[in-house]
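Structure record follows, encoded as structure tokens.
All figures in this text were calculated on a predicted structure; none of them were measured in a lab.
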Amino acid sequence: MANQNQIEILKKGVDYWNNWRKHNPLEKINLNGFDFTTIEKIFSYDSDGNKYESQFWRFNFKNANLSNSIFSHIYFLQTEFLHSNLEGVYFNDCTLKACNLSNSNLRNSNLKGCKFVGSDLSYSDLSESYVFGSTVWMSNLENAIQNNLVITPPNQSKITLDNIEVAQFIYNLMGNQKLKEHIDTINQKVVLILGRFQEEQKMVLDSIRVKLREKNFIPIVFDFENSNRTVDETVGLLARMSRFIIADLTNAKSILQELRGIVPELPSVPIRPIIHHLDFEHGMIDFFKKFPWFLQIQKYQSKNQLIENIDDLILSPIEKYFQENK
């Protein structure tokens, strides 16, 4: 049973609770099974002066036993749940923004409609939880345990997976024919264009993009101004979504570096490299020539020459690769 004295302290508000907690840091918190929706609402304000009907704003529940507690339609802001026992907790349609749930136990919890925004869930245990309708935005799930998450509502056959971030996507994919069609469209029509947006090359890449649109493709242009881990991950994701890739290697050594992480892994995505005839082929290109889907480098003399002959110089060799590798 919950500690009644602690509940009475909690009802007096965040300042009173946190001040009491500051002077009693070693007292074990036991709010097991308490229905928090019975607490009178506490109003708080963000840095822009917006008013929130938030019951738990900057509360400290560190090391607390909140197992089987009931929360519903509550907004948590900068609330501390570090090392808390939240097993079996009911977080129905709650929002947890900038909260710390690191190393917390959320096993068998009900997270229906729960929104995690900018929160820390690292090293938490979410196993066996019900996550239908849950969303996770810009939150840290490093080393979180996510075994057997239930993604379907109670009236449907149970489907489980091991990643809360993809749970909503998978469920929508199963039941949304339109979404399936969109994904098929992406797989058939997206073309990734890699290059540098220096003045002359920008005109080349933009012209390729326009021409591909005319041919009913969906071009995505990526400018390699900088290279870092985020860029690597983004390019890798876009590459996996693409039907094929056009890589302009003119004055763009960084593109070859990025391609080292793409080419060996994606034999189903042919790459048509192009380069201005006055530029030289970097020695790193030899690494790619052993992969059949890295097609022969096409040299071009001018933007106009490339665009006017885009079928022969770019599209036909790609379609030939697809035909030969069905």
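- Judged purely by atom type and a 3.5 angstrom limit, S139 has no side-chain atom pairing as donor or acceptor with the backbone of V136.
- Nearest approach of S69 to G33, heavy atoms of both residues: OG-N, 3.5 Å.
- The minimum heavy-atom distance between F287 and F291, with the atom names listed, is O-CE1, 3.6 Å.
- The two atoms that bring Y75 and K97 nearest to each other are OH-CD, 3.3 Å, heavy atoms only.
- I271 has its side chain within reach of L259: a pair of non-hydrogen atoms, C-beta onward, lies under 4.5 Å apart.
- Taking the six-membered ring where tryptophan is involved, the planes of F81 and F91 are perpendicular, since the angle between them exceeds 60° and thus also 30°.
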Inset, instruction - Go through the steps for I208 and I246 under the test side chain to side chain contact (heavy atoms under 4.5 Å, CB included), then give the verdict. - result: CA-CA 9 Å; I208 293 174; I246 300 173; 4.0 Å; yes
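- Side-chain contact between C114 and L96 is present, with at least one heavy-atom pair separated by less than 4.5 Å.
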Inset, instruction - Walk me through it: do N148 and D162 pass the test side chain to side chain contact (heavy atoms under 4.5 Å, CB included)? - result: CA-CA 6 Å; N148 301 322; D162 297 337; 4.3 Å; yes
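- Between atom CD1 of residue I274 and atom CD of residue Q298 there is a gap of 8.5 Å, rounded to the nearest 0.5 Å.
- Looking at W20 and H23, their side chains never come closer than 4.5 Å, going by heavy atoms from C-beta outward.
- Residues N32 and L66 have side chains not in contact (no heavy-atom distance under 4.5 Å, counting atoms from C-beta outward).
- The cationic atom of R272 (NZ for Lys, CZ for Arg) does not lie both less than 6.0 Å from the six-membered ring centre of F244 and within 45° of the ring axis.
- I151 and F132 get closest at one heavy-atom pair: O-CD1, 3.3 Å.
- For S104 (side chain) and S102 (main-chain N/O), no donor-acceptor pair under 3.5 Å exists by modelled atom type.
- A donor-acceptor contact closer than 3.5 angstrom links the side chains of N143 and Y123.
- A donor atom on one side chain and an acceptor atom on the other are found under 3.5 Å apart for E80 and N100.
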Inset, instruction - Show the numbers, then the answer: is there a side chain to side chain contact (heavy atoms under 4.5 Å, CB included) between I245 and L194? - result: CA-CA 8 Å; I245 298 171; L194 305 178; 4.0 Å; yes
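- Between the CG atom in L31 and the CG atom in L10 there is a gap of 6.0 Å [rounded to 0.5 Å].
- Contact check for F288 versus L256: side-chain heavy atoms found under the 4.5 Å cut-off.
- In this structure, Y90 and D35 have side chains that are not in contact, with every pair of non-hydrogen atoms separated by 4.5 Å or more.
- Proximity of a side-chain donor or acceptor of N65 to a complementary backbone N or O of S67 within less than 3.5 Å is detected.
- In this structure, the side chain of N147 does not engage the main chain of S127 through any donor-acceptor pair within 3.5 Å.
- Summarising the local packing, CD of Q296 is surrounded by 12 or fewer heavy atoms from other residues, nucleotides or ligands at distances under 6.0 Å.
- Each of L121 and W137 belongs to its own hydrophobic cluster when Ile, Leu, Val, Met, Phe, Trp and Tyr are linked at side-chain heavy-atom distances under 4.5 angstrom.
- R209 CZ to L212 CG: the interatomic distance, rounded to the nearest 0.5 Å, is 10.0 Å.
- No option in D206, V221, V204 other than V221 meets the side-chain contact (heavy atoms from CB on, under 4.5 Å) test with I193.
- At a cut-off of 3.5 Å, with distance as the only test, no side-chain donor of S316 or D311 sits close to an acceptor on the other residue.
- F56 and F59 have perpendicular rings, their planes meeting at more than 60° on a 0 to 90° scale where under 30° would count as parallel.
- Shown here for Q146 and L149, the closest heavy-atom pair between the two residues is O-CG, 3.5 Å.
- Residue pairs meeting the salt bridge (Lys or Arg N to Asp or Glu O under 4.0 Å) criterion with at least one partner in residues 124-141, sequence neighbours excluded, are R107-D125.
- Taking all atoms of both residues into account, the shortest heavy-atom contact from P270 to I318 is CG-CG2, 4.0 Å.
- Hydrophobic clustering places I159 together with V131 (ILVMFWY residues linked when any side-chain heavy atoms are closer than 4.5 Å, directly or through intermediates).
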Inset, instruction - Take E214 and K211 through the test side chain to side chain contact (heavy atoms under 4.5 Å, CB included) and record every step on the way to the result. - result: CA-CA 5 Å; E214 292 175 1; K211 198 67 175 179; 3.5 Å; yes
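- Between L205 and D248 there is a side-chain heavy-atom pair separated by less than 4.5 Å.
- Placement of I262 and Y321 within a single hydrophobic cluster is found when ILVMFWY residues are connected by side-chain heavy-atom separations under 4.5 Å, directly or transitively.
- Listed for the D279 side chain is no donor-acceptor partner under 3.5 Å among the backbone atoms of I275.
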Inset, instruction - Evaluate salt bridge (Lys or Arg N to Asp or Glu O under 4.0 Å) for E319 paired with R243, printing each intermediate quantity in order. - result: CA-CA 10 Å; E319 289 306 317; R243 177 168 174 79; 3.6 Å; yes
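- Using a 4.5 Å cut-off between side-chain heavy atoms of Ile, Leu, Val, Met, Phe, Trp and Tyr, with links allowed through other members, I310 and F322 fall into the same hydrophobic cluster.
- In this structure, R58 forms no cation-pi arrangement with F76, as its terminal cationic atom is not both closer than 6.0 Å to the ring centre and no more than 45° off the ring axis.
- Atom OH of Y16 is surrounded by 12 or fewer heavy atoms from other residues, nucleotides or ligands within 6.0 Å.
- A distance of 11.0 Å separates OG in S124 from CG in L82, rounded to the nearest 0.5 Å.
- Judged purely by atom type and a 3.5 angstrom limit, W17 has no side-chain atom pairing as donor or acceptor with the backbone of I9.
- Here the CD-CD1 distance, from E258 to I255, works out to 9.0 Å after rounding to the nearest 0.5 Å.
- Side-chain N or O atoms of R21 include none that pairs as donor or acceptor with a backbone N or O of F61 at under 3.5 Å.
- Remark: the backbone N or O of V263 is not paired with any side-chain donor or acceptor of R260 at under 3.5 angstrom.
- The closest side-chain heavy-atom distance from F116 to L111 is below 4.5 Å.
- Between the side chain of Q6 and the main chain of K28, a donor-acceptor pair closer than 3.5 Å is present.
- Residues I314 and V190 are members of one and the same hydrophobic cluster, defined by side-chain heavy-atom contacts under 4.5 angstrom among Ile, Leu, Val, Met, Phe, Trp and Tyr.
- Annotation: side-chain hydrogen bond (donor to acceptor under 3.5 Å, both in side chains) contacts of S119 (sequence neighbours excluded): none.
- Within the 3.5 Å criterion, the main-chain N or O of G236 finds a donor-acceptor partner in the side chain of R240.
- To the nearest 0.5 Å, the span separating OG on S134 from CG on L126 amounts to 9.5 Å.
- By the side-chain contact (heavy atoms from CB on, under 4.5 Å) test, Q305 pairs with Y300, Q301, S302, N309, L313, sequence neighbours left out.
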